Structure formats: C-alpha cells, structure tokens
Protein chains: 2
Amino acid sequence: MTAQRRVVAEVLDGEHVHLTADEVHSRAVAKLPEISRATVYNTLGELVSLGEVLEVATDKRAKRYDPNAHRPHHHLVCARCGAIKDVHPTGNPLADLPDSERFGFTVSDVEVTYRGVCPNCAA
Amino acid sequence: MTAQRRVVAEVLDGEHVHLTADEVHSRAVAKLPEISRATVYNTLGELVSLGEVLEVATDKRAKRYDPNAHRPHHHLVCARCGAIKDVHPTGNPLADLPDSERFGFTVSDVEVTYRGVCPNCAA
DNA sequence: CGGCCACCTTGGACGAAGTCTAAAGTCACA
DNA sequence: TGTGACTTTAGACTTCGTCCAAGGTGGCCG
C-alpha cells in the first residue's frame with residue numbers, strides 16, 4: 001500500500017459516482033501531483049482484480065469505475081448525456097436463462113443496462 | 001443505395017455473427033477493393049440509426065455489429081475468448097425495474113449481458 | 001549501518017479504435 | 001452539358017489504454 005494507491009482508493013471512495021480512468025487521474029493529481037497515468041491504470045486494474053471496484057462499459061468511450069462493488073446492482077444510463085445511476089431491479093435474470101439457451105457455457109454473471117433519457121435531458 | 005453500402009449490408013447479412021467494424025471492413029474490401037474505412041464506419045452508423053443493425057459493446061475493445069436487430073435478444077459472452085452467442089431469456093427485465101428505481105428517466109430499452117466460460121475455453 | 005533485491009512508479013512511446021476533414025468523384029435532372 | 005447535392009476517399013488526428021526501460025523506495029539480512 002503506497003501513497004499512490006491510497007490516493008486512488010480515496011478518490012474512488014470519496015465520490016460514489018462512476019468515474020473514468022482519466023477523471024480518477026485528474027482527481028488523484030490534485031492530491032498527489034506527481035502521480036502518473038500508468039500508476040492510476042495499474043492501481044485501478046488491481047482494484048478490479050481484487051473485486052473492490054467494478055469496471056462498467058456502458059458506452060463505447062472510456063471505461064468507468066464503480067466503487068460500489070459489494071452491493072450487487074445494475075445500471076440505468078441516459079442515452080443523451082451519459083449519466084449513470086445504480087438501480088436494483090427485482091427478479092433474477094440468471095434464473096431467466098434456460099439451460100437450452102446456455103450453449104454449454106458456465107454462466108457466472110449477468111449485467112443489466114437500462115437505457116433511457118434522464119429528466120434533465122428530457123426538458 | 002450505393003455499391004459501397006450494398007457491400008456493407010451484404011457482409012453483415014451474410015454471416016450471422018458479431019463482427020467488429022474492422023472485420024466488416026476487411027470483408028467488404030474483399031468484395032470491393034477500394035472501399036475505405038471511413039465509408040464502412042459511416043454506413044455502419046447509418047444502419048444503426050435506421051435500426052437495421054445493433055451495436056454491441058460487450059468488451060471494452062472494439063464495438064461489434066449485430067445484424068439480428070429485428071428479433072429482440074440478449075447476449076452471452078465468454079469471458080475467456082470473447083465469443084458471443086445470441087440468447088432469448090424468459091421474463092421481461094423492463095418490468096423488473098420499479099418506478100421508484102427509475103429516477104424520473106424515460107426508460108426505453110434494456111440490454112442483458114450474461115458472462116461465463118464457453119465449453120471450448122473450459123476444456 | 002550498508003548492500004541487495006523485489007517491487008513500485010514514472011514518463012514517454014506505442015497501439016488500437018474511431019472520428020473528422022478537405023478534396024475529388026458521382027449522379028439526377030433541367 | 002452544367003449544376004448542386006450527396007458520397008467516397010485517404011489520411012491526419014483524437015482518445016483511451018498498454019507497454020517498457022529506467023530510476024526510486026523500502027524491507028531485510030548480515
């Protein structure tokens with residue numbers, strides 16, 4: 001646990017939003033000016049493998065990092081402005097995939113992304 | 001409808017798999033050597049806005065294009081090799097998102113991505 | 001204390017994917 | 001044939017991410 005890693009963890013923990021790697025880097029730089037992009041990417045990668053943080057790929061642009069990894073949830077994305085909300089649908093999509101539709105895969109995980117238009121963009 | 005657009009449409013229609021823009025370009029070049037990358041991107045973009053083709057962003061790498069846009073379906077992705085299968089789960093995830101979880105959004109669409117390991121990679 | 005080794009960080013180069021732009025080509029139609 | 005609208009092209013450019021070699025840092029053991 002180095003100063004750099006602590007800073008990255010703090011940035012993610014501080015704001016419960018979905019930051020891009022670049023945004024994490026900017027905020028990390030504010031706390032520790034010499035931190036490099038490579039270190040931020042490395043640290044984010046480690047946090048992801050440790051299961052502390054989730055990668056979210058809601059749009060084709062940059063990956064986003066979701067510090068809320070311990071509470072299972074899905075995402076609601078604004079098609080217009082890209083805003084992301086965590087949501088908790090009822091039901092279990094894993095149970096909705098019959099064996100005949102699994103093609104022999106060992107299915108371990110499911111991601112649900114709702115798309116729509118947020119109140120701001122609708123106005 | 002120009003020769004270039006016809007070729008792109010043929011490539012997508014010919015193979016019911018999920019191609020990246022680059023793969024579409026390579027196959028299009030085989031049929032029409034002078035077609036440019038920009039044209040392929042333009043045409044894919046138009047097909048997407050027309051609703052003829054779906055963009056799929058299952059991994060962080062290249063977008064993939066799914067010609068099977070008229071039959072609603074979701075995707076099963078191999079975490080190891082990236083293979084993608086179309087699947088048809090039972091149930092309607094849109095109905096599983098209560099109003100209280102919609103944050104005022106007008107929700108129009110939902111994408112479900114199952115992740116697992118395919119039989120090939122498991123062996 | 002001093003040396004050694006493992007690991008971390010840095011900065012810049014590199015690569016992949018996609019977008020943009022200016023110029024040239026093509027087509028319908030009067 | 002001339003005109004204007006639209007398309008295509010090639011390549012430059014941007015963005016996002018990864019890689020790598022060099023240097024730094026700290027722990028540990030003698």
Side-chain angles (χ1 to χ4, degrees), chain A residues 1-12 17-50 52-67 75 77 79-84, chain B residues 1-12 17-50 52-67 75 77 79-82 84 113:
Chain A
M1 175 58 74
T2 65
Q4 287 82 354
R5 296 186 187 187
R6 191 165 4 88
V7 165
V8 170
E10 280 172 17
V11 167
L12 283 173
V17 293
H18 303 79
L19 299 172
T20 63
D22 243 38
E23 287 164 348
V24 173
H25 180 232
S26 317
R27 293 173 200 230
V29 163
K31 303 191 180 205
L32 185 69
E34 284 69 36
I35 195 168
S36 75
R37 267 175 7 103
T39 298
V40 171
Y41 277 104
N42 286 343
T43 307
L44 287 174
E46 282 161 27
L47 289 172
V48 169
S49 357
L50 289 174
E52 293 297 315
V53 163
L54 288 180
E55 260 181 20
V56 195
T58 51
D59 67 358
K60 60 285 178 183
R61 307 305 232 126
K63 290 183 232 177
R64 292 175 178 276
Y65 292 88
D66 185 341
H75 293 109
V77 180
R80 205 76 60 87
C81 71
I84 303 177
Chain B
M1 173 59 75
T2 66
Q4 286 82 353
R5 296 185 187 187
R6 191 163 6 88
V7 165
V8 170
E10 280 173 16
V11 166
L12 283 172
V17 293
H18 305 77
L19 299 172
T20 63
D22 244 37
E23 287 163 349
V24 173
H25 180 231
S26 316
R27 292 175 201 229
V29 164
K31 303 191 180 207
L32 185 69
E34 286 70 35
I35 196 168
S36 76
R37 264 173 13 101
T39 298
V40 171
Y41 277 104
N42 287 343
T43 307
L44 287 173
E46 284 162 25
L47 289 172
V48 169
S49 357
L50 289 175
E52 293 297 313
V53 162
L54 288 180
E55 261 181 20
V56 193
T58 51
D59 67 359
K60 60 281 179 186
R61 306 308 232 126
K63 291 183 231 177
R64 293 175 177 274
Y65 291 89
D66 185 340
H75 293 110
V77 179
R80 206 75 59 87
C81 70
I84 303 176
T113 304

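Bear in mind that the values here come from a model prediction, so they are computed numbers and not experimental data. Letters go in sequence order (proteins before strands), and every chain restarts at 1.
When the P atom of D:dT18 is taken as reference, atom CD of A:E55 falls 8 Å away, rounded to whole Å. Distance NE2 (A:H25) to P (C:dT9): 13 Å, rounded to an integer number of Å. Spacing between atom CG of B:N42 and atom C1' of C:dC20 amounts to 10 Å, rounded to whole angstrom units. Look at CD on B:E46: it is 12 Å from C1' on D:dT8, rounded to the nearest Å.
Taking 4.5 Å as the limit, every side-chain heavy atom of B:T43 sits out of range of all side-chain heavy atoms of B:Q4. In this structure the side chain of A:R61 never reaches within 4.5 angstrom of the side chain of A:T20, judged on heavy atoms. Residues A:E55 and A:Y65 are in side-chain contact: their nearest non-hydrogen atoms beyond the backbone lie under 4.5 Å apart. At least one side-chain heavy atom of A:L44 sits less than 4.5 Å from a side-chain heavy atom of A:L12.
When all heavy atoms of B:V17 and B:P67 are compared, the pair lying nearest together is O-CD, 3.6 Å.
Between B:T2 and the phosphate of D:dT7, there is no side-chain N or O to OP1/OP2 separation shorter than 4.0 Å.
Within residues 27-36 of chain A, the residues approaching DNA chain C are A:E34, A:I35, A:S36, by heavy-atom distance under 4.0 Å.
Side-chain N or O atoms of B:R64 include one that pairs as donor or acceptor with a backbone N or O of B:H18 at under 3.5 Å. Distance alone, capped at 3.5 Å, is enough to place a donor-acceptor pair between the A:H25 side chain and the A:I35 backbone.
The salt bridge (Lys or Arg N to Asp or Glu O under 4.0 Å) pairs that include a residue from residues 32-43 of chain B number zero, where partners must be two or more places apart or lie in different chains.
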- [ ] Would you give a per-nucleotide map of nucleotides 12-17 of chain C, 5' to 3', where B means the base has a protein non-hydrogen atom under 4.0 Å away, S means only the sugar-phosphate does, and - means neither?
- [x] -B---S

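Position along DNA chain D of the nearest nucleotide to B:T39 versus A:Y65 favours B:T39 as the more 5'-ward residue.
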